[in-house]
There are 4 protein chains.
Amino acid sequence: MSLSKREMILAAALELFTERGFQATSTALIAKTAGVATGTLFHHFESKEALINQLYLDIKLAMATAMVPEKSMSSLSSVEQLKVAAAVLWRQALEWCITHHKEARFFAQYNHSPYIDKQTVAQAQTQVLGFVTELIEQGQAIAIFKPLPAPLLYEVCHGLMLQTAFFYIEAESRPSETDIEQTFGLLWDALHA
Amino acid sequence: MSLSKREMILAAALELFTERGFQATSTALIAKTAGVATGTLFHHFESKEALINQLYLDIKLAMATAMVPEKSMSSLSSVEQLKVAAAVLWRQALEWCITHHKEARFFAQYNHSPYIDKQTVAQAQTQVLGFVTELIEQGQAIAIFKPLPAPLLYEVCHGLMLQTAFFYIEAESRPSETDIEQTFGLLWDALHA
Amino acid sequence: MSLSKREMILAAALELFTERGFQATSTALIAKTAGVATGTLFHHFESKEALINQLYLDIKLAMATAMVPEKSMSSLSSVEQLKVAAAVLWRQALEWCITHHKEARFFAQYNHSPYIDKQTVAQAQTQVLGFVTELIEQGQAIAIFKPLPAPLLYEVCHGLMLQTAFFYIEAESRPSETDIEQTFGLLWDALHA
Amino acid sequence: MSLSKREMILAAALELFTERGFQATSTALIAKTAGVATGTLFHHFESKEALINQLYLDIKLAMATAMVPEKSMSSLSSVEQLKVAAAVLWRQALEWCITHHKEARFFAQYNHSPYIDKQTVAQAQTQVLGFVTELIEQGQAIAIFKPLPAPLLYEVCHGLMLQTAFFYIEAESRPSETDIEQTFGLLWDALHA
DNA sequence: CATGAATGAGATTTCATTCAT
DNA sequence: AATGAATGAAATCTCATTCAT
């Protein structure tokens with residue numbers, strides 16, 4: 001068996017939650033799809049909600065791993081450096097979303113859903129995607145980003161990226177090179193002081 | 001009684017859906033909160049889903065009424081005119097959201113929820129908030145907005161506004177005059193070619 | 001329909017709880033036996049526990065009604081009066097138990113069970129069977145009963161009666177006149193100073 | 001490790017069964033509390049029911065050992081001898097219950113519970129506590145005890161003792177010397193012809 | 001002896017909706 | 001229009017027990 005039962009449950013849940021929604025997916029169906037007994041699901045996850053929260057963290061982590069910059073964001077001191085770093089993150093995020101259809105749809109649907117604990121969201125924001133906040137604060141430090149609250153700008157970045165990715169996924173098309181540059185412009189211009 | 005039973009049901013549903021979520025709110029609780037019998041709810045609305053869709057339309061309409069410009073957007077030909085018109089819409093929308101707490105939370109939660117029919121969303125977008133799309137197309141016509149797909153830009157406008165409003169609501173604070181201008185900048189700069 | 005659905009549920013629950021035990025009786029079986037839908041049970045009783053507590057109170061009340069003395073116990077001043085009153089209660093209680101098989105078994109099984117709230121037991125003891133406590137205190141007032149705590153003596157009365165009734169029920173026999181007198185002796189002699 | 005795993009399982013079961021009830025205590029919880037794996041419990045006991053029956057027997061045996069008279073009860077021929085012997089048993093039983101809190105609660109709860117086999121109860125009554133029945137029959141032989149069925153009187157002894165012990169345990173107090181004598185009077189007077 | 005992941009039948013409870021009054 | 005008792009399918013979660021390691 002290449003995947004552990006736990007992993008098969010998570011995979012089945014991702015598939016079903018994005019295609020049918022959280023409430024419309026029964027735990028029995030998840031278990032059946034994963035090829036395990038219903039009890040097994042509850043052996044690995046305390047509840048259906050615990051399962052979706054774990055899924056959220058796992059996916060955020062996978063996305064962050066795909067985006068993660070090699071150098072710390074706190075050493076960027078020129079506008080050019082910052083813009084290049086931001087553009088790289090934007091491209092990585094968009095491309096990951098496009099090659100990870102289900103995961104992107106999952107975010108689009110569950111990013112602000114009541115099923116995900118605020119605690120889980122906060123954990124993802126600070127621990128997993130902390131480098132985005134770092135970049136924002138760095139940009140504000142050298143006064144090229146608008147002096148709005150950093151958490152608001154973080155949400156703006158996140159929201160714009162997801163909206164853009166979701167737009168192409170829904171349209172079942174892919175952004176061209178130009179689209180990527182243009183849509184990055186949405187973000188950069190929005191942030192720029 | 002100043003409010004009809006139908007109106008009391010809608011008010012109770014708004015309160016409960018935003019505070020507890022759609023699924024966590026039973027029709028029995030809505031009826032009890034509204035002070036009517038369970039059967040009465042189904043006299044006025046065909047189903048629980050019909051109820052939330054009606055609520056969505058009602059609220060969108062109320063918000064649009066508060067924002068609605070006096071002149072058509074299609075007659076704007078200069079950058080200045082467009083920017084002023086857009087700024088007015090931004091301010092009106094934000095202020096309405098801040099004085100209509102529950103309604104704003106409702107949008108933040110249900111704007112992309114599976115409980116709202118795509119048909120209802122489309123109806124709101126074209127009939128009720130058509131002037132926003134008009135403004136976007138006008139701006140693209142005179143080449144001051146980025147030449148990205150108009151529906152994508154519509155979503156960007158909507159998303160940024162809700163995110164901003166929700167940020168202040170969650171923080172239980174109010175945006176200052178400067179905040180309003182600065183956050184409008186997020187939108188305007190994002191759109192600007 | 002001679003019995004309301006609520007009453008049919010209570011009757012079915014009494015039958016099944018005494019024959020199969022609380023845990024071994026599913027709510028589905030109770031509903032089926034009562035000839036109603038499962039949901040109906042939960043329309044009338046908040047939970048399975050609420051059902052058994054209600055049953056407990058109902059039965060206690062029925063037993064008390066069968067035993068209830070015409071005069072207040074607090075006016076008994078001579079030993080003879082007290083003994084006669086006590087003997088009458090003993091006989092009434094035993095006879096009620098013998099003509100109410102199921103109910104008596106129910107008490108024997110659930111009187112000190114964890115499924116019955118302490119609150120429910122207390123309510124039965126003070127409100128429903130208060131006259132027993134009255135008799136005990138009256139006997140202590142004229143110093144013919146042992147000066148032990150009244151609640152302890154109440155438990156002794158109750159326990160001896162149930163044990164005796166249960167003994168005959170289990171043996172599937174009935175106490176003779178002499179048995180009733182002799183067993184009353186167990187109680188009276190125990191209490192007597 | 002001073003206690004074998006088997007003993008730790010029994011100790012955990014006693015604790016949990018008395019505090020939470022038989023059904024509300026899962027085998028997984030017993031194992032966890034005992035610090036062993038779930039499977040281990042089933043190596044030592046065939047089933048959850050076998051476990052509680054073993055516990056019942058162990059505790060009955062421990063109590064009997066603490067009460068056990070040095071001489072056989074069948075050689076008592078005078079009222080005085082009998083009364084002294086009975087009083088000793090009463091005191092021993094009460095004191096054991098008071099210094100063995102959990103065990104006493106266990107009896108109060110499970111003495112007539114459906115989880116304990118009738119066979120187990122019978123075994124305890126004849127083999128372990130046979131001397132009580134012996135004493136009763138001896139008293140009836142010399143006509144100082146009421147001529148009621150011996151098993152009924154055995155139940156009366158047992159019931160009165162447990163009720164008394166439980167009363168003090170619940171009240172979190174201890175019986176004084178006088179209380180012990182007075183409560184022994186409850187039993188002796190009840191039995192006395 | 002010991003482990004603990006896996007099982008799957010079964011339990012309680014919920015809830016949108018209907019309909020006789 | 002208004003009521004609220006009744007429905008019964010379906011959902012989540014539990015748990016005693018097994019067995020491969």
Side-chain angles (χ1 to χ4, degrees), chain A residues 1 4-6 8-9 22-32 34-51, chain B residues 4-6 8-9 22-32 34-52, chain C residues 1 4-6 8-9 22-32 34-51, chain D residues 4-6 8-9 22-32 34-52:
Chain A
M1 170 173 21
S4 72
K5 303 213 171 200
R6 190 173 186 281
M8 294 178 70
I9 292 167
F22 181 73
Q23 295 286 350
T25 301
S26 70
T27 51
L29 182 60
I30 298 170
K32 194 180 166 189
V36 302
T38 57
T40 306
L41 192 156
F42 290 94
H43 182 69
H44 291 287
F45 305 95
E46 238 179 39
S47 65
K48 196 185 174 185
E49 294 229 331
L51 170 58
Chain B
S4 72
K5 300 212 170 193
R6 189 173 186 283
M8 293 179 71
I9 291 167
F22 180 72
Q23 293 285 349
T25 302
S26 69
T27 51
L29 182 59
I30 298 170
K32 194 180 166 190
V36 303
T38 57
T40 305
L41 189 154
F42 288 90
H43 268 292
H44 293 287
F45 305 94
E46 225 177 55
S47 66
K48 194 185 174 187
E49 296 229 331
L51 170 58
I52 198 174
Chain C
M1 168 171 27
S4 73
K5 301 212 171 199
R6 190 172 187 282
M8 293 178 71
I9 291 167
F22 181 73
Q23 294 286 349
T25 301
S26 71
T27 51
L29 182 60
I30 297 171
K32 193 180 168 188
V36 302
T38 57
T40 306
L41 191 156
F42 290 92
H43 183 70
H44 291 288
F45 305 95
E46 235 178 43
S47 66
K48 195 184 175 187
E49 294 229 332
L51 170 58
Chain D
S4 72
K5 300 210 169 192
R6 189 173 187 281
M8 292 178 71
I9 291 168
F22 181 71
Q23 293 285 351
T25 301
S26 69
T27 52
L29 182 58
I30 298 171
K32 193 180 166 188
V36 303
T38 56
T40 306
L41 190 155
F42 289 91
H43 268 293
H44 292 287
F45 305 94
E46 226 176 53
S47 66
K48 195 184 174 187
E49 296 229 330
L51 169 59
I52 198 175

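In what follows, every chain begins at residue 1, and chains take the letters A, B, ... in the order their sequences are listed.
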Check the distance between [N]'s [atom2] and [X]'s [atom1] and give it to me in whole angstrom.
{"X": "L29(C)", "N": "dG10(E)", "atom1": "CG", "atom2": "C1'", "value": "13 Å"}
{"X": "M8(A)", "N": "dA6(E)", "atom1": "CE", "atom2": "P", "value": "11 Å"}
{"X": "I9(B)", "N": "dG4(F)", "atom1": "CD1", "atom2": "P", "value": "13 Å"}
{"X": "I30(B)", "N": "dG4(F)", "atom1": "CD1", "atom2": "P", "value": "17 Å"}
{"X": "H44(C)", "N": "dA5(F)", "atom1": "NE2", "atom2": "P", "value": "7 Å"}
{"X": "F45(D)", "N": "dA2(E)", "atom1": "CZ", "atom2": "P", "value": "11 Å"}

Side chain proximity check, [X] to [Y], heavy atoms < 4.5 angstrom:
{"X": "F22(A)", "Y": "Q23(B)", "result": "no"}
{"X": "I9(D)", "Y": "H44(D)", "result": "yes"}
{"X": "T38(A)", "Y": "T27(A)", "result": "no"}
{"X": "I30(B)", "Y": "V36(B)", "result": "no"}

Distance from [X] atom [atom1] to [Y] atom [atom2], nearest 0.5 Å?
{"X": "H43(B)", "Y": "F45(B)", "atom1": "NE2", "atom2": "CZ", "answer": "13.0 Å"}
{"X": "K5(C)", "Y": "M8(C)", "atom1": "NZ", "atom2": "CE", "answer": "8.0 Å"}
{"X": "K32(B)", "Y": "L41(B)", "atom1": "NZ", "atom2": "CG", "answer": "15.0 Å"}

Presence of K32(C) side-chain N/O under 4.0 Å of dG8(F) phosphate oxygens OP1/OP2: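 So the side-chain polar atoms of K32(C) never come under 4.0 Å of the phosphate oxygens OP1 or OP2 of dG8(F).
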Pair assignment for DNA chain F - dot-bracket with | for other-strand partners, Watson-Crick or G-U under 3.5 Å: .||||||||||||||||||||
K48(B) (side chain) donor-acceptor with S26(B) (main chain) under 3.5 angstrom: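 Not at all, since once roles are kept as given, no pair shorter than 3.5 Å links the two residues.
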Base versus backbone protein contacts along nucleotides 12-21 of chain F [heavy-atom cut-off under 4.0 Å; B, S, -]: SBB-BBB---
Among dA6(F), dT7(E), dT3(F), the nucleotide that comes nearest once only the side chain of A37(A) is considered: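 In terms of side-chain proximity for A37(A), the closest of dA6(F), dT7(E), dT3(F) is dT7(E).
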